[in-house]
Each structure stands twice: as C-alpha cells, then as structure tokens.
Amino acid sequence: MKIAIVGASGRMGLALIKATLNDSGATLVAALDQPGSPLIGRDAGESLGLQTGVRVSSDAEAGIAQADCLIDFTRPEGTLRHLEICRRHSVAAVIGTTGFDAAGKQAIAEAAQEIPVVFAPNMSVGVNAVFKVLELATRILNEGYDIEIVEAHHKRKIDAPSGTALRMGEVVASALGRTLDDCAVFAREGVTGERDPATIGFAVVRGGDIVGDHTVMYCGEGERVEITHKMASRDPYAVGSLRAARFLLERKNGLYDMQDVLGLR
C-alpha cells in the first residue's frame, strides 16, 4: 500500500509519517508540504529522528501520482486541490480535514463518484465507537434530558466547533428524529431566556496544546450522564487513517466514513 501524505511538516503530518513507517503493510512514497517550507528537500523522517529515504516535496502532482492512497489532514482549500489530483490519477483519498462548507462537501461527493474516498471528521477508532454509544444513549435518554456538547482543542485549531463535535451533534439529532441544522445552538450570551429543551447546545474551548477532548452531557433532573472521549496524542488519528486507506484498496469508487471502515453500519 503506497501512501502519500500532505502537510508533512505539521504535527498531524508527522504522526501520519510515523504510523506509515510502523505499518508493515504500508510504504511512504511521498511527503508533501507547501512551497517555502523549511523541510523541502529534507528527509521526511528527519523531525522524528528517522530516515525514510523520501524527501519532502512541494510537487503535489508528482507525489500523489505515485501513490495508491493520499492521506490529507490540511485545510479545505488545499484538500480540494489535492482531491482533483487524485481524480486525475485514480488515487484513493482519506480526508481528515474539517471545516468544509456545503460546496466543499459536494465537491468531495462528486469526486467519490470516480475514486474511493473516506471522509470523516475523526479517524480515531475510539471516537467512532463513541458515535455508536451516543446513538444508543440518545434513544434511551430521549425525554427529560437537556443535551449539551463541550469540546476543547489546541489554540491553533482554526474551525469551531470541531468536526467531531458536529458529528456527535448529528448522531444525537438523528437519534432524536431531527436534523442538527434545526436544533443546534452554537452561542449563548446575555439574557438568553430559558433553555429550549428541543435544542442541542455547543460549547468550545481553545487553548494550549489540547489534542482533542469531547463530552456529550445528558442533563436531567437529579442526574447527569456524560460520555467523554479524550485524545492524548495524534497517533490514534494516524492509525485509523491507515486502516481507512487499507479499506479503500478494495474499492473502485464511493464515499465512505469510519463507520463503514469499522463495519459499524
């Protein structure tokens, strides 16, 4: 399984490089970064104290063309450019980038008609297990509980709420027979009035080097149920991404997420 990784100088990119090197069934064939990156021309594993034999490059076209699968955790505009290259060269794509607007999501869906794509807000196996737990918990706690979602990430994260928090909201809303667009409350300030019990509230924390914490709170009268996932490193994202890449090798096209990869549908 030949893997190309973009964002090779970032923390997620380095986690992906390390996971690829540790996977006996995977080979790193391209490590890509933006023009001007100080790592261009240097070994992709240098920051990890490793030698990969692969030099970091800014030539996305050439790098992606030699891969079986691209793994991308960058930003929406860059990911969409890389996805077009994948289409031209029939390369599968694992997309962990978040913050896409409706047009971006539509572009991913259109690309998936020609190539296989795993697009998920969180590649962690543990987080995806939590999604299933939330579905069951919400069906049980569907009356008499106010539902709030609290997430915390590092200070450099550029989108809020996180893609994972939004996906949690979508799972909860669906289990309640609603859509998140109809019931989400993303901000509270001033005199807000009494809470509408039909809403799902979101709260966001940004600071320091928090990798990713998510809690869904079911707040009832006299009791509270909390379902929490805390990420201590980026390694689970990387390991899950390689699992997703392996899943795509058996497919010619289609849009999938980690629930498909893990057989949780």
Side-chain angles (χ1 to χ4, degrees), residues 1-23 26-100 104 107-108 111 115 117-124 153-159 162-163 209-212 231 233-246 248:
M1 181 171 64
K2 295 180 289 185
I3 301 295
I5 295 168
V6 292
S9 66
R11 288 169 294 180
M12 191 63 225
L14 291 172
L16 287 164
I17 289 169
K18 182 174 73 171
T20 302
L21 296 176
N22 289 336
D23 189 318
T27 301
L28 180 69
V29 297
L32 303 165
D33 213 343
Q34 295 180 352
S37 166
L39 290 187
I40 297 295
R42 297 163 72 173
D43 191 277
E46 184 176 315
S47 298
L48 299 169
L50 302 170
Q51 289 294 315
T52 68
V54 175
R55 300 286 177 180
V56 178
S57 170
S58 61
D59 190 343
E61 189 89 30
I64 293 171
Q66 58 184 312
D68 296 318
C69 184
L70 169 73
I71 304 179
D72 191 326
F73 278 73
T74 57
R75 296 190 179 186
E77 59 274 14
T79 297
L80 293 177
R81 290 195 300 269
H82 302 145
L83 192 59
E84 283 303 307
I85 297 174
C86 287
R87 292 177 74 171
R88 288 197 290 273
H89 297 280
S90 299
V91 174
V94 173
I95 300 174
T97 305
T98 59
F100 288 97
I108 293 170
I115 60 173
V117 177
V118 169
F119 175 40
N122 196 306
M123 298 292 174
S124 157
H153 281 83
H154 54 89
K155 61 187 177 184
R156 295 180 180 85
K157 186 168 178 60
I158 63 170
D159 58 310
S162 70
D209 62 354
I210 302 169
V211 177
M231 192 70 72
S233 79
R234 290 169 178 77
D235 292 347
Y237 301 141
V239 171
S241 296
L242 287 168
R243 190 163 174 174
R246 194 170 288 108
L248 291 180

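Every heavy atom of this structure was used, including side-chain atoms; hydrogens, water molecules and symmetry mates were not. What you see is a predicted model, and the numbers here were worked out from it, not measured in a lab.
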### Summary
Applying side-chain contact (heavy atoms from CB on, under 4.5 Å) to Leu48 and not counting sequence neighbours gives Leu14, Ile17, Lys18, Leu50

Return all side-chain donor-acceptor pairs below 3.5 angstrom for residues 239-246, not counting sequence neighbours, or 'none' if the list is empty.
residue: Ser241; atom: OG; partner: Tyr237; partner atom: O; Å: 2.7
residue: Arg246; atom: NH2; partner: Asp23; partner atom: OD1; Å: 3.0
residue: Arg246; atom: NH2; partner: Asp23; partner atom: OD2; Å: 2.6

## Note on the structure
Closest non-hydrogen contact found for Leu248 with Ala93 is CD1-O, 3.3 Å

### Query
For Asp59, which residues count as a salt bridge (charged side-chain N to carboxylate O under 4.0 Å, His left out) partner, sequence neighbours excluded?
none

### Query
How long is the span from the CG atom in Leu32 to the CG atom in Leu70, to the nearest 0.5 Å?
7.5 Å

### Query
Residues two or more places apart in sequence or in another chain: which of them pass side-chain hydrogen bond (donor to acceptor under 3.5 Å, both in side chains) with Arg88?
Glu61

### Task
May I ask you to decide if Arg156's main-chain N or O and His154's side chain share a donor-acceptor pair within less than 3.5 Å?
yes

### Message
Using the side-chain contact (heavy atoms from CB on, under 4.5 Å) criterion, which residues pair with Arg42? Sequence neighbours excluded.
### Response
Leu39, Glu46

### Closest non-hydrogen atom pair, Ala26 against Ile3
CB-CG1, 4.3 Å

### Heavy-atom neighbours of Arg75 CZ exceed 12 at 6.0 Å
no

### Message
Run the ring pair (Phe, Tyr, Trp, His ring centres under 6.0 Å) test against His153 and tell me which residues pass, sequence neighbours left out.
### Response
His214

## Note on the structure
With sequence neighbours left out, the residues meeting ring pair (Phe, Tyr, Trp, His ring centres under 6.0 Å) with Phe73 are none

### Task
Check whether any side-chain heavy atom of Val94 lies under 4.5 Å from a side-chain heavy atom of Cys69, and answer yes or no.
yes

#### Entry: Which atom of Ile5 lies closest to which atom of Gly13, heavy atoms considered
CG2-O, 4.1 Å

### Message
Going by side-chain hydrogen bond (donor to acceptor under 3.5 Å, both in side chains), name the residues that satisfy it together with Asp72, two or more places apart in sequence or in a different chain.
### Response
Thr74, Thr79, His82, Thr97

### Query
By side-chain contact (heavy atoms from CB on, under 4.5 Å), which residues pair with Ser58, not counting sequence neighbours?
Pro35, Ile40

### Message
Applying salt bridge (charged side-chain N to carboxylate O under 4.0 Å, His left out), can you list everything that pairs with Glu84, at least two apart in sequence or on another chain?
### Response
Arg87

### Task
State the CZ-CG distance between Arg11 and Leu16, to the nearest 0.5 angstrom.
13.5 Å

## Note on the structure
Minimal heavy-atom distance between Cys86 and Ile64, with the atoms involved, is SG-CG2, 3.9 Å

### Message
Under the rule for salt bridge (charged side-chain N to carboxylate O under 4.0 Å, His left out), what residues qualify as partners of Asp159, not counting sequence neighbours?
### Response
Lys157

### Message
Holding to salt bridge (charged side-chain N to carboxylate O under 4.0 Å, His left out), I want the full list of residues that pass it with Lys2, two or more places apart in sequence or in another chain.
### Response
none

### Task
Work out which heavy atom in Ile115 is nearest to a heavy atom in Leu83; give both atom names and the distance.
CD1-CD1, 4.0 Å

### Query
What pair of heavy atoms forms the shortest contact from Met231 to Asn122, and how long is it?
CE-OD1, 4.5 Å

### Message
Measuring only between side-chain heavy atoms, which start at C-beta, is Met1 closer than 4.5 Å to Thr27?
### Response
no

